[in-house]
Amino acid sequence: MGEWEHFLPGQKRANPGNANEGATSSEGKTSKVDGDYRGHTGGNESVEKNLEVGEGASRMLSALEHMLQDRPDQQLEISSSASLGPTTLVQKMLQERIRRHTTCILGVPAAKQTWNVVINFIKEANKRGKQWKPRCSQALLAENTPKDLETSQEWWETVRGCTLWVIWLARNAVNFTGEVWHAQKIENLFWYRLSLYTRIEWRRRRREDQELFKRRWAFEAAGIEVSDDDKLTIPKQPPWRTKNSGRNGMRREARRQFRSRAATLVCTLLLMHFLVAEAKIRVPTVKSTVFISAETSKFGLGIEGVAPDQNGVVYAVGFSGDGTSGIGTVADATGAVEQKLLLKDQTASLSFNGLRFLPLSPALSPYFELRGLAAEVKTHQVFYMLKSKRDGRTRGSVFCRNDSMIQPNDIAVAPKLAAIYMSGGAYGNVKTVVGQGDLWMCKAKDSFYQTSRDDLGPIPATRLGVLGLTNGIEVSPDERFLYITESFHEFGEPKSNVIWRFDIDQNTGDVDITKKTLLVDFQKLDGSGYVDLDGIRCDIDGNLFVTKNGRQGEVVKISPSGKLLLRIKLTGVFETTNLDFGGPDGKSLFISGKCVANPDLGCVDVWTGNPVPGRAWAEFRTTST
């Protein structure tokens, strides 16, 4: 009997080594638990000897007797049933025990958490479906083994013992120290106890096997046939010895049997543990579809900066296939393919990268139909784009600029705070050091929803700090957090890639770069720290969609807490550069990169499985209502 069985509710802790220690009854007399019940029920009436109530009922009865010593009210209530038959009495006492104390033990939160761990374990071990889920009290307090587990009774007894012991320890932690255990701690303790009791069971079986082998050897050596149910008595001296007989032979055989059983149990437990662990960390994987293929693409290999405007039209940098000096459409407002030029630098002196669009304020909407920003690398500025309603031309100017900027690379917008944030990195160095990447902010006077015509001039740019190579950048939907990627290279190859989270000051829009929180370390997450990160975007739930700029095109979905939720395997693009949501409902994720069929061209894939729209798309709709 395991250690847990001596520490049932209401029972004083007994010596685990003495499983048959007597328990004092309510009448001051002794009853033992040996598969039968011997004692008194009250008055002078004694219970029949050899009462067959089962080992589980006998143990529960012993626990009840300990409990009733300190509860006279229950003692009288139970004793009043002494006139009943012995079997009825035991059943009544068991019913009282379950009715009064199930809530005490199995009603605590730890019981439910532990039971969920056990259910998952049983499902994997027995290949059960989700429909098999007995109630905690039915399975743990039942006298008999659950019907579906009758073929694995010993296995179930060990699991049940571990479960009750973990629940009891968690309950004591709450009652005596006020500590509420986390679900992970409960699960770890369950696995530790299960492995511990399994080792104890191995030792017990080894001793039994050795003893049984000695007895069998003695009788079989004497030519006596024995069965498993026979009570064997070892003769003092065997009549003869064989080649494999004797103490050494018995030891060899016992060791062989023990190793065989131990190996089977270890493999089974490890397999079950890994199956359960793998089920918990398994991440769904979906595939995108080709949207703009190499056969129809008008974009070059420098395609970047995917972004929607207030109408849901999606744009990208790298139009016309001549580097990154042109900006054109990718999809129209209905989500259909559309490739039209928006802006092109005829001198090819500009090199655009990141791209974002701003809402049109009431003061600007009568004059302009589009307002956007583009990160311009060569002149270290953010380029201002305004498309006129009068002649339909798109004209550019400086939004903010600072020659100390490393690039900028990409842009994140906080419309309510009237702030934009820029990343940048000095790529091409053999080894990355802090200072080769930076973070900048440009802050306007009024919210971008309320921009006046007089507020279109250049605004100052402020450097918030330096890091390693920074690239993807995004603001949370509530504008409380700023996310930015940081990577370090060694020998020209990526070594680590992480995403940091910063708190945004709600009054000034400033970010304290020294107070950063690690959201994701991709080396620890999935071992992909060697793959550079590029553009990142949020949906309205705050989930981050991150492009991985590697030979195998991939986008991953990360929760606001840093948990990996989804992998999107790309069909038509690789070395993924950027992404954003668009289309009629804002739920179509457009992803840019080099064409798989022709790496000299830029292509676009689309994935339409997100349940909510993107943040940028939704903010335009919020502004218009």
Side-chain angles (χ1 to χ4, degrees), residues 120 182-185 187-188 191 273-288 409-410 412 423 425 432 434 437 439 467-477 481-490 493-503 513 515-539 541-570 573-580 589 591 593 605 607 609-612 614-615:
N120 291 331
H182 189 270
Q184 188 62 47
K185 181 174 182 179
E187 181 176 354
N188 292 341
W191 282 109
H273 179 69
F274 289 136
L275 285 175
V276 173
E278 182 183 359
K280 291 183 178 180
I281 64 174
R282 189 179 295 121
V283 178
T285 300
V286 296
K287 282 189 176 182
S288 64
N409 187 302
D410 206 350
S423 63
T432 303
V434 174
L439 173 62
L467 301 97
L469 300 174
T470 59
N471 196 323
I473 189 168
E474 179 63 304
V475 174
S476 64
F481 304 111
L482 175 70
Y483 302 100
I484 191 168
T485 68
E486 181 186 37
S487 66
F488 285 87
H489 291 189
E490 195 170 73
E493 296 292 332
K495 180 182 179 182
S496 69
N497 276 276
V498 302
I499 298 179
W500 295 108
R501 184 183 71 193
F502 301 92
D503 292 333
I513 201 170
K515 298 179 180 179
K516 57 185 178 181
T517 302
L518 180 63
L519 182 71
V520 183
D521 183 338
F522 281 87
Q523 186 59 36
K524 295 180 180 178
L525 181 71
D526 57 6
S528 64
Y530 62 91
V531 180
D532 261 334
L533 307 178
D534 212 313
I536 58 176
R537 295 292 184 265
C538 273
D539 62 16
D541 287 343
N543 299 307
L544 281 171
F545 291 79
V546 185
T547 57
K548 305 181 79 172
N549 196 322
R551 296 297 300 175
Q552 303 296 328
E554 184 181 64
V555 172
V556 292
K557 181 179 181 180
I558 306 293
S559 73
S561 61
K563 181 180 179 182
L564 180 59
L565 302 177
L566 182 72
R567 295 184 187 275
I568 305 174
K569 297 295 184 181
L570 305 183
V573 302
F574 71 103
E575 291 191 6
T576 319
T577 56
N578 224 315
L579 73 173
D580 212 333
L589 183 63
I591 308 155
D605 274 13
W607 176 68
N610 205 49
V612 296
R615 168 183 172 259

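- Contact annotation: the side chain of Val556 approaches that of Phe522 to within less than 4.5 Å [non-hydrogen atoms, C-beta and beyond].
- Taking 4.5 Å as the limit, every side-chain heavy atom of Lys516 sits out of range of all side-chain heavy atoms of Arg501.
- Environment of NZ in Lys495: sparse, with no more than 12 heavy atoms of neighbouring residues, nucleotides or ligands closer than 6.0 Å.
- Not a single donor-acceptor pair under 3.5 Å links the side chain of Thr432 to the backbone N or O of Phe488.
- Within the 4.5 Å cutoff, the side chain of Ile568 has no heavy atoms near those of the Asp605 side chain.
- Between the OG1 atom of Thr576 and the CG atom of Asp534 there is a distance of 8.5 Å, given to the nearest 0.5 Å.
- Looking at Thr485, its side chain does come within 3.5 Å of a backbone N or O of Gly472 through a donor-acceptor pair.
- Formation of a donor-acceptor pair under 3.5 Å by the Asp539 side chain with backbone atoms of Asp541 is found in this model.
- The heavy-atom pair separating Asn543 from Lys557 by the smallest distance is ND2-CE, 3.7 Å.
- Here the closest heavy-atom approach between residue Leu565 and residue Pro284 is recorded as O-CD, 3.4 Å.
- In terms of modelled atom types and a separation under 3.5 Å, the side chain of Glu474 and the main chain of Cys538 share a donor-acceptor contact.
- We find that Asp410 and Arg537 are joined by a salt bridge, their nearest charged nitrogen and carboxylate oxygen being less than 4.0 Å apart.
- Atom NZ of Lys515 and atom CG of Asp503 lie 8.5 Å apart (nearest 0.5 Å).
- The two residues Ile473 and Ile484 make their nearest non-hydrogen contact at CD1-CD1, 4.2 Å.
- Annotation: the span from Asn471 atom CG to Ile499 atom CD1 amounts to 11.0 Å, rounded to 0.5 Å.
- Within the 4.5 Å cutoff, no side-chain heavy atoms of Leu579 are placed close to those of Trp607.
- Residues Ile513 and Leu467 meet the side-chain proximity criterion, which asks for heavy atoms closer than 4.5 Å.
- Note that the OG1 atom of Thr285 and the CG atom of Leu566 stand 7.0 Å from one another [nearest 0.5 Å].
- From Leu533, atom CG reaches atom OG of Ser496 across 9.5 Å, with rounding to the nearest 0.5 Å.
- Val475 and Ala412 get closest at one heavy-atom pair: CG2-CB, 3.9 Å.
- Looking at Thr547, its side chain does come within 3.5 Å of a backbone N or O of Gly535 through a donor-acceptor pair.
- Arg567 contributes atom CZ, which lies 4.5 Å from atom CG of Asp526 (distance to the nearest 0.5 angstrom).
- Looking at Asn497, its side chain does come within 3.5 Å of a backbone N or O of Gly529 through a donor-acceptor pair.
- Partners of Lys185 under the side-chain hydrogen bond (donor to acceptor under 3.5 Å, both in side chains) rule, at least two apart in sequence or in another chain, are Glu179.
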Stepwise side chain to side chain contact (heavy atoms under 4.5 Å, CB included) test for Asp532 and Leu469: CA-CA 10 Å; Asp532 261 334; Leu469 300 174; 5.9 Å; no
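- With sequence neighbours left out, Glu486 forms a side-chain hydrogen bond (donor to acceptor under 3.5 Å, both in side chains) with Trp500.
- Val520 has its side chain out of reach of Leu564: every pair of non-hydrogen atoms, C-beta onward, lies at least 4.5 Å apart.
- Around atom OH of Tyr530, no more than 12 heavy atoms belonging to other residues, nucleotides or ligands sit under 6.0 Å away.
- Every ring-ring contact (aromatic ring centres under 6.0 Å, His included) that Phe545 has, sequence neighbours left out, goes to Phe581.
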